[in-house]
Amino acid sequence: MIKIELLSETNFCLESLDSYNRKQNVNKVYRRIDGEYVLIECKYTEDWDLSQKRSVAKQISSDDYITYIALENDKVVGFVGLLKKLNGPYMILDMMQVSSEYRGQGVGRRLFELGKAEARKAGAQALYISACSSEETIAFYRAMGSSLASIPIKELAEKEPYDLQMICPVIDCDRYSEMKLTENMIRWAECKLGSTEYAGWCLAFIEDALEISNHIEIFGGDSAKESCEMYKDALRGGVPERGAFVFYDCLCQSENGPVNWGHCGISFGDGRVIHAWDVVRIDDYLAIEKLTALTGDHPKYLGWVALERVLNQKPGV
């Protein structure tokens, strides 16, 4: 009987994969042609020699990983290795293997479900997989509920250019949809770094980031200060969560002298905020208080509003 356990010093060592059968005969792979992934014939065999097995064993047993192993009579017949450190909203499923003679018996599904559970426990919104492009591998991940990532993690995509970058939600559909809106918004905003296009138009910047990148319309105020007032029922303090709108008091220059139009930006979730000042820039949310406006005033942190609240704002409310 196959049992699955969390990898530990008592059930795993550097030699635990020595008899593991990695062999996989590949006949077809997915390749991107004219912007679409299509199956093409490509025959080769994947396998590991002893040095590769030892290298993988060392990797998945390091402190950087959460790893589950499938055992039959204390022999490793499969494993899933997840990186402990989240990448934005994702937990990265770095390795997923089932020994050749044990495939098709539900071992992979059990391992994958444990991976999803670990991602939820860590506060991730989805598993991220840089998946081998073989027909069988992609069929498995799709059967598990995974789909192509609309915003691939750049370094992973560049490291394995033939892999398919996939994500599998581990939260409910509404929260996952919100996550996609957030990532689209942040990606759009990052593309504007250094631009003077939004100088003096901080609210327009964050609203455009959300609306243009997601083809939606939201309803805010005429200034950052007015929008903050609209969301005051949901204003929170502390480090803003990812995708939150972050608000400040700030005296701005107008034709009639200094006016508190406020200031605002979008949170990365790690203390950093992207915002339009003289240029679009990234600063720590509290370091923004050290910036100097044309009036000589400094922004004063008021708090942040979750994206969910922004999306639920009704016209005229």
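In this text, all values refer to a predicted model and were calculated from it rather than measured experimentally.
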For this session: Starting from the C-alpha separation in whole Å, work towards a yes-or-no answer on salt bridge (charged side-chain N to carboxylate O under 4.0 Å, His left out) for Glu118 and Lys121.
Result: CA-CA 5 Å; Glu118 285 293 339; Lys121 189 190 304 182; 3.3 Å; yes
Exercise. Lys3 and Glu5: salt bridge (charged side-chain N to carboxylate O under 4.0 Å, His left out), yes or no, with the steps?
Worked result: CA-CA 7 Å; Lys3 59 182 180 180; Glu5 299 178 356; 3.5 Å; yes
For this session: Verify side chain to side chain contact (heavy atoms under 4.5 Å, CB included) between Ile274 and Ile186, making sure each step is shown before the conclusion.
Result: CA-CA 8 Å; Ile274 186 166; Ile186 289 175; 5.9 Å; no
For this session: Assess whether side chain to side chain contact (heavy atoms under 4.5 Å, CB included) is satisfied between Tyr20 and Val77, documenting all intermediate values.
Result: CA-CA 6 Å; Tyr20 178 79; Val77 298; 5.7 Å; no
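The heavy-atom pair separating His298 from Glu289 by the smallest distance is CB-O, 3.2 Å. Shortest non-hydrogen contact noted between Thr67 and Gly81 is OG1-CA, 3.8 Å. Contact record, Gly115 with Leu127: O-CD2, 3.8 Å, taken as the closest heavy-atom pair. When every heavy atom of Ile138 is checked against every heavy atom of Ala131, the shortest pair comes out as CD1-CB, 3.9 Å.
In this structure, the ring of Phe12 has its center no less than 6.0 angstrom from the ring center of Phe79.
A cation-pi arrangement is present between Arg272 and Phe268 under the rule of less than 6.0 angstrom and at most 45 degrees off the ring axis. Within the cation-pi definition used here (under 6.0 Å to the ring centroid, within 45° of the axis), Arg32 qualifies as a partner of Tyr37. Stacking of Arg31 on the aromatic ring of Tyr162 is recorded, both the 6.0 Å distance cut-off and the 45° axial limit being met.
Residue-environment remark: NZ (Lys180) stays at or below the threshold of 12 foreign heavy atoms within 6.0 Å. The local environment of NZ in Lys84 is crowded, with over 12 non-hydrogen atoms from other residues, nucleotides or ligands closer than 6.0 Å.
Under 4.0 Å is where a charged nitrogen must lie from a carboxylate oxygen, and between Glu136 and Arg103 no such pair does.
Sorted by first and then second residue, the side chain to side chain donor-acceptor pair (under 3.5 Å) pairs with a member in residues 210-230 read Asn184-Asn214, Lys225-Asp249; sequence neighbours excluded.
A side-chain donor-acceptor contact under 3.5 Å links Gln165 and Ser130.
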